[in-house]
Protein chains: 2
Amino acid sequence: MALEHAILVSLLEKPGSGYELARRFERSIGYFWTATHQQIYRVLKRMEADGLLAVREVPQQGRPDKKEYSVAAPGRALLSAWLHEPIEPESLRHDLAVKIRGAAFDDPAALVREVERHRAVHGDRLAHYLAGELRDFTGPGAPTPLDAGQELQHVVLRGGIAYERMTIAWLDDVLATLHRLAGAPPAG
Amino acid sequence: MALEHAILVSLLEKPGSGYELARRFERSIGYFWTATHQQIYRVLKRMEADGLLAVREVPQQGRPDKKEYSVAAPGRALLSAWLHEPIEPESLRHDLAVKIRGAAFDDPAALVREVERHRAVHGDRLAHYLAGELRDFTGPGAPTPLDAGQELQHVVLRGGIAYERMTIAWLDDVLATLHRLAGAPPAG
DNA sequence: CGGGCCATGTAAGCGGTTACATGATTTC
DNA sequence: GAAATCATGTAACCGCTTACATGGCCCG
(Lines give C-alpha, C1' and ligand atoms only; values in the text may rest on other atoms or scores of the structure.)
Protein backbone atom coordinates (compact mmCIF):
# COMPACT_ATOMS: atom_id res chain seq x y z
CA MET A 1 0.00 0.00 0.00
CA ALA A 2 1.31 3.38 -0.98
CA LEU A 3 -1.15 5.62 0.84
CA GLU A 4 1.02 5.27 3.91
CA HIS A 5 4.03 6.39 1.92
CA ALA A 6 2.17 9.27 0.31
CA ILE A 7 1.14 10.45 3.78
CA LEU A 8 4.72 10.20 5.01
CA VAL A 9 5.97 12.27 2.08
CA SER A 10 3.26 14.86 2.52
CA LEU A 11 3.87 15.17 6.27
CA LEU A 12 7.61 15.46 5.70
CA GLU A 13 6.95 18.29 3.28
CA LYS A 14 4.78 19.90 5.95
CA PRO A 15 3.18 18.56 9.15
CA GLY A 16 -0.61 18.87 9.29
CA SER A 17 -3.95 17.49 10.44
CA GLY A 18 -6.05 14.80 8.82
CA TYR A 19 -8.28 17.47 7.40
CA GLU A 20 -5.34 19.34 5.91
CA LEU A 21 -4.00 16.13 4.41
CA ALA A 22 -7.39 15.43 2.87
CA ARG A 23 -7.25 18.85 1.21
CA ARG A 24 -3.74 18.18 -0.06
CA PHE A 25 -4.99 14.95 -1.55
CA GLU A 26 -7.43 17.03 -3.54
CA ARG A 27 -4.54 19.12 -4.78
CA SER A 28 -0.83 18.62 -5.18
CA ILE A 29 -0.42 15.08 -3.85
CA GLY A 30 -3.81 14.24 -5.32
CA TYR A 31 -2.43 14.82 -8.80
CA PHE A 32 -1.11 11.30 -8.66
CA TRP A 33 -2.72 9.72 -5.61
CA THR A 34 -6.27 10.10 -4.35
CA ALA A 35 -7.62 9.48 -0.87
CA THR A 36 -10.75 10.44 1.03
CA HIS A 37 -10.78 11.85 4.53
CA GLN A 38 -12.30 8.69 6.00
CA GLN A 39 -9.42 6.67 4.70
CA ILE A 40 -6.85 9.21 5.83
CA TYR A 41 -8.16 9.37 9.41
CA ARG A 42 -8.10 5.63 9.70
CA VAL A 43 -4.59 5.29 8.32
CA LEU A 44 -3.32 8.17 10.47
CA LYS A 45 -4.60 6.42 13.58
CA ARG A 46 -2.95 3.20 12.62
CA MET A 47 0.32 4.88 11.74
CA GLU A 48 0.31 6.72 15.04
CA ALA A 49 -0.38 3.48 16.91
CA ASP A 50 2.54 1.93 15.03
CA GLY A 51 4.80 4.76 16.17
CA LEU A 52 5.39 6.08 12.66
CA LEU A 53 3.86 9.47 13.44
CA ALA A 54 3.85 11.92 16.32
CA VAL A 55 0.69 13.87 17.22
CA ARG A 56 0.31 17.27 18.81
CA GLU A 57 -3.08 18.64 19.90
CA VAL A 58 -3.43 22.18 18.60
CA PRO A 59 -6.17 24.28 20.23
CA GLN A 60 -7.68 26.84 17.87
CA GLN A 61 -9.97 29.83 18.20
CA GLY A 62 -13.23 29.94 16.29
CA ARG A 63 -12.39 26.56 14.86
CA PRO A 64 -12.41 23.01 16.18
CA ASP A 65 -9.15 21.90 17.71
CA LYS A 66 -6.99 19.83 15.45
CA LYS A 67 -4.38 17.11 15.73
CA GLU A 68 -1.20 18.00 13.97
CA TYR A 69 0.70 14.96 12.76
CA SER A 70 4.40 14.85 11.99
CA VAL A 71 6.74 12.06 10.95
CA ALA A 72 8.61 10.24 13.71
CA ALA A 73 11.98 8.54 13.22
CA PRO A 74 10.50 5.07 12.49
CA GLY A 75 8.24 6.64 9.87
CA ARG A 76 11.16 8.20 8.18
CA ALA A 77 13.03 4.90 8.26
CA LEU A 78 10.03 3.13 6.76
CA LEU A 79 9.84 5.62 3.92
CA SER A 80 13.55 5.32 3.28
CA ALA A 81 13.30 1.54 3.11
CA TRP A 82 10.42 1.78 0.65
CA LEU A 83 12.33 4.23 -1.52
CA HIS A 84 15.15 1.72 -1.82
CA GLU A 85 13.04 -1.23 -2.89
CA PRO A 86 11.75 -1.62 -6.44
CA ILE A 87 8.05 -1.21 -7.22
CA GLU A 88 5.99 -2.57 -10.07
CA PRO A 89 5.47 -0.21 -12.99
CA GLU A 90 1.87 0.92 -12.97
CA SER A 91 -0.81 -0.68 -15.05
CA LEU A 92 -3.61 1.43 -16.37
CA ARG A 93 -7.20 1.05 -15.27
CA HIS A 94 -9.11 3.03 -17.78
CA ASP A 95 -12.89 2.58 -17.69
CA LEU A 96 -13.37 4.84 -20.66
CA ALA A 97 -11.30 2.54 -22.86
CA VAL A 98 -13.58 -0.34 -21.87
CA LYS A 99 -16.55 1.80 -22.85
CA ILE A 100 -15.02 2.67 -26.20
CA ARG A 101 -14.46 -0.93 -27.10
CA GLY A 102 -17.91 -1.75 -25.79
CA ALA A 103 -19.42 0.87 -28.09
CA ALA A 104 -18.91 -1.55 -30.96
CA PHE A 105 -21.85 -3.51 -29.53
CA ASP A 106 -24.04 -0.49 -28.95
CA ASP A 107 -24.36 2.93 -30.55
CA PRO A 108 -20.93 4.56 -30.99
CA ALA A 109 -22.53 7.98 -31.49
CA ALA A 110 -24.02 7.79 -27.99
CA LEU A 111 -20.51 7.95 -26.57
CA VAL A 112 -19.71 11.34 -28.07
CA ARG A 113 -21.18 13.38 -25.24
CA GLU A 114 -19.44 11.23 -22.62
CA VAL A 115 -16.06 11.61 -24.31
CA GLU A 116 -16.58 15.36 -24.64
CA ARG A 117 -17.34 15.54 -20.94
CA HIS A 118 -14.13 13.74 -20.09
CA ARG A 119 -12.23 16.01 -22.43
CA ALA A 120 -13.59 19.07 -20.61
CA VAL A 121 -12.56 17.65 -17.22
CA HIS A 122 -9.03 16.98 -18.44
CA GLY A 123 -8.91 20.45 -19.96
CA ASP A 124 -9.78 21.93 -16.57
CA ARG A 125 -7.16 19.82 -14.85
CA LEU A 126 -4.53 20.92 -17.36
CA ALA A 127 -5.39 24.58 -16.80
CA HIS A 128 -5.20 24.01 -13.06
CA TYR A 129 -1.80 22.33 -13.27
CA LEU A 130 -0.42 25.05 -15.56
CA ALA A 131 -1.61 27.74 -13.14
CA GLY A 132 0.11 25.87 -10.31
CA GLU A 133 3.31 25.55 -12.27
CA LEU A 134 3.36 29.28 -12.98
CA ARG A 135 2.59 30.10 -9.35
CA ASP A 136 5.09 27.75 -7.74
CA PHE A 137 7.88 27.10 -10.21
CA THR A 138 8.12 29.19 -13.36
CA GLY A 139 6.33 32.47 -12.60
CA PRO A 140 7.84 35.73 -11.34
CA GLY A 141 6.82 35.00 -7.74
CA ALA A 142 8.52 31.60 -7.72
CA PRO A 143 11.77 31.05 -5.82
CA THR A 144 15.02 31.00 -7.83
CA PRO A 145 16.86 28.79 -7.80
CA LEU A 146 14.56 25.98 -6.72
CA ASP A 147 15.85 23.62 -4.05
CA ALA A 148 15.97 19.86 -4.58
CA GLY A 149 12.51 19.28 -3.12
CA GLN A 150 10.97 21.91 -5.36
CA GLU A 151 12.77 20.56 -8.43
CA LEU A 152 11.33 17.13 -7.68
CA GLN A 153 7.84 18.51 -7.09
CA HIS A 154 8.14 20.36 -10.37
CA VAL A 155 9.15 17.31 -12.39
CA VAL A 156 6.19 15.40 -10.94
CA LEU A 157 3.90 18.26 -11.89
CA ARG A 158 5.37 18.24 -15.40
CA GLY A 159 4.36 14.59 -15.51
CA GLY A 160 0.79 15.53 -14.66
CA ILE A 161 0.81 18.21 -17.34
CA ALA A 162 2.17 15.79 -19.92
CA TYR A 163 -0.47 13.24 -18.92
CA GLU A 164 -3.33 15.70 -19.31
CA ARG A 165 -2.04 16.97 -22.67
CA MET A 166 -1.65 13.43 -23.96
CA THR A 167 -5.12 12.47 -22.72
CA ILE A 168 -6.75 15.50 -24.34
CA ALA A 169 -5.07 14.78 -27.66
CA TRP A 170 -6.17 11.16 -27.44
CA LEU A 171 -9.77 12.08 -26.60
CA ASP A 172 -9.77 14.31 -29.70
CA ASP A 173 -8.59 11.29 -31.65
CA VAL A 174 -11.43 9.25 -30.13
CA LEU A 175 -13.98 11.92 -31.04
CA ALA A 176 -12.71 12.08 -34.61
CA THR A 177 -12.97 8.30 -34.83
CA LEU A 178 -16.53 8.27 -33.45
CA HIS A 179 -17.57 10.97 -35.91
CA ARG A 180 -16.02 9.07 -38.78
CA LEU A 181 -17.93 5.94 -37.77
CA ALA A 182 -21.19 7.88 -37.44
CA GLY A 183 -20.67 9.74 -40.71
CA ALA A 184 -20.09 6.70 -42.83
CA PRO A 185 -20.99 3.44 -41.11
CA PRO A 186 -21.65 1.22 -44.14
CA ALA A 187 -19.71 3.06 -46.84
CA GLY A 188 -15.92 2.96 -46.86
CA MET B 1 -16.77 -2.14 -10.70
CA ALA B 2 -15.71 -2.28 -14.30
CA LEU B 3 -14.19 -5.75 -14.41
CA GLU B 4 -17.65 -7.12 -15.10
CA HIS B 5 -18.00 -4.73 -18.00
CA ALA B 6 -14.55 -5.48 -19.34
CA ILE B 7 -15.42 -9.19 -19.30
CA LEU B 8 -18.69 -8.55 -21.10
CA VAL B 9 -16.88 -6.58 -23.82
CA SER B 10 -14.19 -9.21 -24.18
CA LEU B 11 -16.71 -12.05 -24.40
CA LEU B 12 -18.78 -10.13 -26.94
CA GLU B 13 -15.67 -9.71 -29.04
CA LYS B 14 -15.11 -13.46 -28.72
CA PRO B 15 -16.48 -16.11 -26.34
CA GLY B 16 -13.88 -17.95 -24.29
CA SER B 17 -12.90 -19.69 -21.06
CA GLY B 18 -11.68 -18.14 -17.84
CA TYR B 19 -8.17 -19.12 -18.77
CA GLU B 20 -8.45 -17.49 -22.17
CA LEU B 21 -9.86 -14.34 -20.61
CA ALA B 22 -6.96 -14.25 -18.19
CA ARG B 23 -4.58 -14.38 -21.15
CA ARG B 24 -6.46 -11.58 -22.89
CA PHE B 25 -6.12 -9.52 -19.73
CA GLU B 26 -2.39 -9.89 -20.13
CA ARG B 27 -2.69 -8.62 -23.67
CA SER B 28 -5.18 -6.50 -25.56
CA ILE B 29 -7.78 -5.84 -22.88
CA GLY B 30 -5.00 -5.74 -20.30
CA TYR B 31 -3.60 -2.64 -22.00
CA PHE B 32 -6.09 -0.67 -19.98
CA TRP B 33 -7.51 -3.07 -17.42
CA THR B 34 -5.71 -5.74 -15.43
CA ALA B 35 -7.14 -8.81 -13.73
CA THR B 36 -5.74 -12.06 -12.41
CA HIS B 37 -7.19 -15.47 -13.14
CA GLN B 38 -8.43 -15.91 -9.56
CA GLN B 39 -10.46 -12.79 -9.85
CA ILE B 40 -11.77 -13.68 -13.28
CA TYR B 41 -12.95 -17.16 -12.25
CA ARG B 42 -14.81 -15.76 -9.29
CA VAL B 43 -16.50 -13.01 -11.28
CA LEU B 44 -17.38 -15.41 -14.09
CA LYS B 45 -19.14 -17.67 -11.60
CA ARG B 46 -21.09 -14.80 -10.13
CA MET B 47 -22.03 -13.45 -13.54
CA GLU B 48 -23.20 -16.87 -14.64
CA ALA B 49 -25.25 -17.24 -11.47
CA ASP B 50 -26.77 -13.84 -12.20
CA GLY B 51 -27.75 -14.98 -15.66
CA LEU B 52 -25.47 -12.53 -17.46
CA LEU B 53 -23.45 -15.28 -19.11
CA ALA B 54 -24.09 -18.63 -20.72
CA VAL B 55 -21.68 -21.54 -20.26
CA ARG B 56 -20.88 -24.43 -22.53
CA GLU B 57 -18.68 -27.35 -21.45
CA VAL B 58 -16.12 -27.98 -24.16
CA PRO B 59 -14.33 -31.35 -23.99
CA GLN B 60 -10.80 -31.23 -25.35
CA GLN B 61 -8.19 -33.76 -26.31
CA GLY B 62 -4.77 -33.69 -24.69
CA ARG B 63 -5.93 -30.74 -22.63
CA PRO B 64 -8.24 -30.27 -19.69
CA ASP B 65 -11.85 -29.59 -20.61
CA LYS B 66 -12.85 -25.98 -20.50
CA LYS B 67 -15.95 -23.91 -19.91
CA GLU B 68 -16.67 -21.54 -22.73
CA TYR B 69 -18.54 -18.46 -21.61
CA SER B 70 -20.62 -16.21 -23.85
CA VAL B 71 -22.78 -13.20 -23.17
CA ALA B 72 -26.49 -13.79 -22.55
CA ALA B 73 -29.18 -11.22 -23.29
CA PRO B 74 -29.26 -9.79 -19.74
CA GLY B 75 -25.49 -9.33 -19.89
CA ARG B 76 -25.79 -7.42 -23.08
CA ALA B 77 -28.52 -5.27 -21.58
CA LEU B 78 -26.36 -4.58 -18.53
CA LEU B 79 -23.45 -3.49 -20.70
CA SER B 80 -25.70 -1.28 -22.75
CA ALA B 81 -27.07 0.40 -19.63
CA TRP B 82 -23.54 1.02 -18.35
CA LEU B 83 -22.48 2.48 -21.68
CA HIS B 84 -25.28 5.03 -21.42
CA GLU B 85 -24.50 6.24 -17.93
CA PRO B 86 -21.66 8.67 -17.24
CA ILE B 87 -18.52 7.52 -15.42
CA GLU B 88 -16.02 9.48 -13.39
CA PRO B 89 -12.89 10.56 -15.25
CA GLU B 90 -9.98 8.50 -13.97
CA SER B 91 -7.64 9.68 -11.30
CA LEU B 92 -4.05 8.62 -11.45
CA ARG B 93 -2.46 6.35 -8.88
CA HIS B 94 1.20 6.67 -9.58
CA ASP B 95 3.51 5.18 -6.93
CA LEU B 96 6.58 6.33 -8.76
CA ALA B 97 5.52 9.97 -8.40
CA VAL B 98 5.23 9.45 -4.64
CA LYS B 99 8.73 8.01 -4.67
CA ILE B 100 10.10 10.93 -6.64
CA ARG B 101 8.71 13.46 -4.22
CA GLY B 102 9.91 11.30 -1.35
CA ALA B 103 13.44 11.32 -2.77
CA ALA B 104 13.78 14.88 -1.46
CA PHE B 105 14.07 13.32 2.01
CA ASP B 106 16.50 10.61 0.98
CA ASP B 107 19.13 10.26 -1.71
CA PRO B 108 17.78 11.37 -5.11
CA ALA B 109 20.62 9.61 -6.91
CA ALA B 110 19.45 6.28 -5.47
CA LEU B 111 16.29 6.59 -7.56
CA VAL B 112 18.11 6.65 -10.89
CA ARG B 113 18.27 2.90 -11.31
CA GLU B 114 14.61 2.50 -10.39
CA VAL B 115 13.50 5.13 -12.88
CA GLU B 116 15.66 3.54 -15.58
CA ARG B 117 14.03 0.19 -14.87
CA HIS B 118 10.57 1.69 -15.29
CA ARG B 119 11.69 3.38 -18.47
CA ALA B 120 12.83 0.04 -19.88
CA VAL B 121 9.49 -1.60 -19.02
CA HIS B 122 7.55 1.16 -20.74
CA GLY B 123 9.88 0.95 -23.73
CA ASP B 124 9.07 -2.77 -24.00
CA ARG B 125 5.36 -2.09 -23.74
CA LEU B 126 5.56 0.54 -26.46
CA ALA B 127 7.39 -1.85 -28.78
CA HIS B 128 4.78 -4.50 -28.03
CA TYR B 129 1.89 -2.14 -28.77
CA LEU B 130 3.49 -0.91 -31.99
CA ALA B 131 3.99 -4.49 -33.16
CA GLY B 132 0.34 -5.21 -32.40
CA GLU B 133 -0.77 -2.13 -34.28
CA LEU B 134 1.21 -3.17 -37.33
CA ARG B 135 -0.09 -6.73 -37.13
CA ASP B 136 -3.77 -5.91 -36.60
CA PHE B 137 -4.44 -2.48 -38.03
CA THR B 138 -1.81 -0.79 -40.17
CA GLY B 139 0.35 -3.57 -41.61
CA PRO B 140 -0.04 -5.34 -44.98
CA GLY B 141 -1.84 -8.30 -43.39
CA ALA B 142 -4.44 -6.13 -41.72
CA PRO B 143 -8.00 -6.00 -43.04
CA THR B 144 -9.01 -2.98 -45.15
CA PRO B 145 -11.21 -1.26 -44.51
CA LEU B 146 -11.52 -1.88 -40.79
CA ASP B 147 -15.00 -2.40 -39.41
CA ALA B 148 -16.37 -0.30 -36.56
CA GLY B 149 -15.17 -2.69 -33.86
CA GLN B 150 -11.67 -2.72 -35.27
CA GLU B 151 -11.61 1.06 -35.60
CA LEU B 152 -12.57 1.34 -31.94
CA GLN B 153 -9.97 -1.22 -30.88
CA HIS B 154 -7.41 0.70 -32.89
CA VAL B 155 -8.17 4.05 -31.28
CA VAL B 156 -7.89 2.45 -27.84
CA LEU B 157 -4.54 0.99 -28.83
CA ARG B 158 -3.43 4.41 -30.08
CA GLY B 159 -4.26 5.65 -26.58
CA GLY B 160 -1.96 3.04 -25.09
CA ILE B 161 0.79 3.99 -27.52
CA ALA B 162 0.38 7.68 -26.69
CA TYR B 163 0.47 6.86 -22.99
CA GLU B 164 3.69 4.87 -23.25
CA ARG B 165 5.38 7.54 -25.39
CA MET B 166 4.37 10.25 -22.96
CA THR B 167 5.54 8.20 -20.00
CA ILE B 168 8.93 7.46 -21.57
CA ALA B 169 9.48 11.14 -22.37
CA TRP B 170 8.53 12.05 -18.81
CA LEU B 171 10.85 9.44 -17.30
CA ASP B 172 13.67 10.94 -19.39
CA ASP B 173 12.74 14.29 -17.91
CA VAL B 174 12.85 12.74 -14.43
CA LEU B 175 16.28 11.22 -15.11
CA ALA B 176 17.64 14.53 -16.38
CA THR B 177 16.32 16.22 -13.25
CA LEU B 178 17.87 13.61 -10.96
CA HIS B 179 21.22 13.95 -12.73
CA ARG B 180 21.09 17.70 -12.45
CA LEU B 181 20.42 17.44 -8.72
CA ALA B 182 23.24 14.94 -8.27
CA GLY B 183 25.65 16.95 -10.37
CA ALA B 184 25.25 20.19 -8.51
CA PRO B 185 23.43 19.78 -5.20
CA PRO B 186 24.78 22.81 -3.30
CA ALA B 187 25.88 25.05 -6.19
CA GLY B 188 23.27 26.73 -8.38
C1' DC C 1 13.06 -35.24 -15.50
C1' DG C 2 12.43 -30.31 -15.13
C1' DG C 3 9.88 -26.48 -16.81
C1' DG C 4 6.22 -24.40 -19.14
C1' DC C 5 1.48 -24.46 -20.77
C1' DC C 6 -3.43 -25.47 -20.18
C1' DA C 7 -7.15 -25.30 -16.96
C1' DT C 8 -9.76 -24.34 -12.68
C1' DG C 9 -10.36 -23.30 -8.39
C1' DT C 10 -10.35 -21.96 -2.54
C1' DA C 11 -9.21 -18.93 1.40
C1' DA C 12 -7.52 -15.06 3.94
C1' DG C 13 -6.80 -10.46 4.37
C1' DC C 14 -6.81 -5.64 3.50
C1' DG C 15 -7.18 -1.39 1.14
C1' DG C 16 -10.60 1.51 -0.57
C1' DT C 17 -15.43 3.20 -1.33
C1' DT C 18 -19.83 4.63 0.36
C1' DA C 19 -23.00 5.90 3.70
C1' DC C 20 -23.89 7.77 8.05
C1' DA C 21 -22.96 11.04 11.98
C1' DT C 22 -21.86 15.46 14.60
C1' DG C 23 -21.25 20.32 15.44
C1' DA C 24 -19.32 25.08 15.55
C1' DT C 25 -18.10 29.13 12.69
C1' DT C 26 -18.05 31.99 8.72
C1' DT C 27 -20.02 33.84 4.50
C1' DC C 28 -23.60 35.28 1.26
C1' DG D 1 -31.58 31.38 6.92
C1' DA D 2 -28.91 28.45 3.83
C1' DA D 3 -24.54 26.92 2.39
C1' DA D 4 -19.78 26.35 2.74
C1' DT D 5 -15.66 25.58 5.61
C1' DC D 6 -13.24 23.45 9.39
C1' DA D 7 -12.68 19.24 11.91
C1' DT D 8 -13.08 14.29 13.18
C1' DG D 9 -14.82 10.17 13.19
C1' DT D 10 -17.73 4.97 12.78
C1' DA D 11 -19.59 1.01 10.16
C1' DA D 12 -20.49 -1.92 6.35
C1' DC D 13 -19.29 -3.69 2.27
C1' DC D 14 -16.68 -5.30 -1.58
C1' DG D 15 -13.25 -5.58 -5.03
C1' DC D 16 -8.76 -6.92 -5.44
C1' DT D 17 -4.29 -9.09 -4.13
C1' DT D 18 -1.67 -12.84 -2.43
C1' DA D 19 -0.95 -17.37 -1.17
C1' DC D 20 -2.16 -22.00 -1.62
C1' DA D 21 -3.82 -26.13 -4.28
C1' DT D 22 -4.34 -29.70 -8.11
C1' DG D 23 -3.21 -32.25 -12.24
C1' DG D 24 -2.36 -33.78 -17.04
C1' DC D 25 0.24 -32.90 -21.41
C1' DC D 26 4.19 -31.39 -24.20
C1' DC D 27 8.91 -30.11 -25.16
C1' DG D 28 13.83 -30.05 -24.69
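Convention: sequence-line order gives letters A, B, ...; per-chain numbering from 1.
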Interatomic distance, Leu3(A) CG vs dG16(C) P [rounded to whole Å] | 5 Å

When we call it a touch if two heavy atoms are under 4.0 Å apart, what does Gln60(B) touch: a base, just sugar-phosphate, or nothing?
-> sugar-phosphate

Between Ser17(B) and His37(A), the residue closer to the 5' end of DNA chain C by nearest nucleotide is Ser17(B)

Tyr19(B) side-chain N/O to dC6(C) phosphate OP1/OP2 under 4.0 Å = yes

Look at atom CD of Glu88(B) and say whether more than 12 heavy atoms of other residues, nucleotides or ligands are closer to it than 6.0 Å.
-> no

Between the side-chain atoms of Arg42(A) and the base atoms of dT18(C), is any donor-acceptor pair under 3.5 Å?
-> no

Apply the side-chain contact (heavy atoms from CB on, under 4.5 Å) test between Ser17(B) and each candidate in Gln60(B), Arg23(B), Arg56(B), Lys66(B); give the one that qualifies.
-> Lys66(B)

Mind calculating the distance between CG (Leu21(B)) and P (dA7(C)) to the nearest angstrom?
-> 12 Å

When you check the phosphate oxygens OP1 and OP2 of dA7(C), does a side-chain N or O of Lys67(B) lie under 4.0 Å from one of them?
-> no

Check whether any side-chain heavy atom of Arg158(B) lies under 4.5 Å from a side-chain heavy atom of Glu133(B), and answer yes or no.
-> yes

Using atom CD of Gln61(A) as one end and atom P of dT5(D) as the other, report the distance to the nearest whole Å.
-> 23 Å

Nearest of dT10(C), dT10(D), dC16(D) to any side-chain atom of Lys45(A)?
-> dT10(D)

Please state whether the phosphate of dG16(C), meaning OP1 or OP2, lies under 4.0 angstrom from any side-chain nitrogen or oxygen of Arg93(B).
-> yes

Test item: side-chain donor near acceptor, His5(B) and Asp95(A), under 3.5 Å = no

To the nearest Å, give me how far apart CZ (Arg46(A)) and P (dG9(D)) are.
-> 15 Å

Closest listed nucleotide, where the reference is the side chain of Tyr69(A) and the choices are dG9(D), dA7(D), dG16(C) | dG9(D)

Value in whole Å for how far the P atom of dT25(C) lies from NZ of Lys66(A) | 17 Å

Between dT22(C) atom C1' and Gln38(A) atom CD, what is the distance in whole Å?
-> 14 Å

Please test Tyr31(B) against Glu26(B) for side chain to side chain contact (heavy atoms under 4.5 Å, CB included), starting from the C-alpha separation and ending with a verdict.
-> CA-CA 8 Å; Tyr31(B) 296 163; Glu26(B) 289 169 3; over 6 Å; no

Rounded interatomic separation in angstrom, taking CD1 from Ile40(A) and P from dT10(D) | 15 Å

Over how many whole Å does the gap from Tyr41(A) atom OH to dG16(C) atom P extend?
-> 17 Å

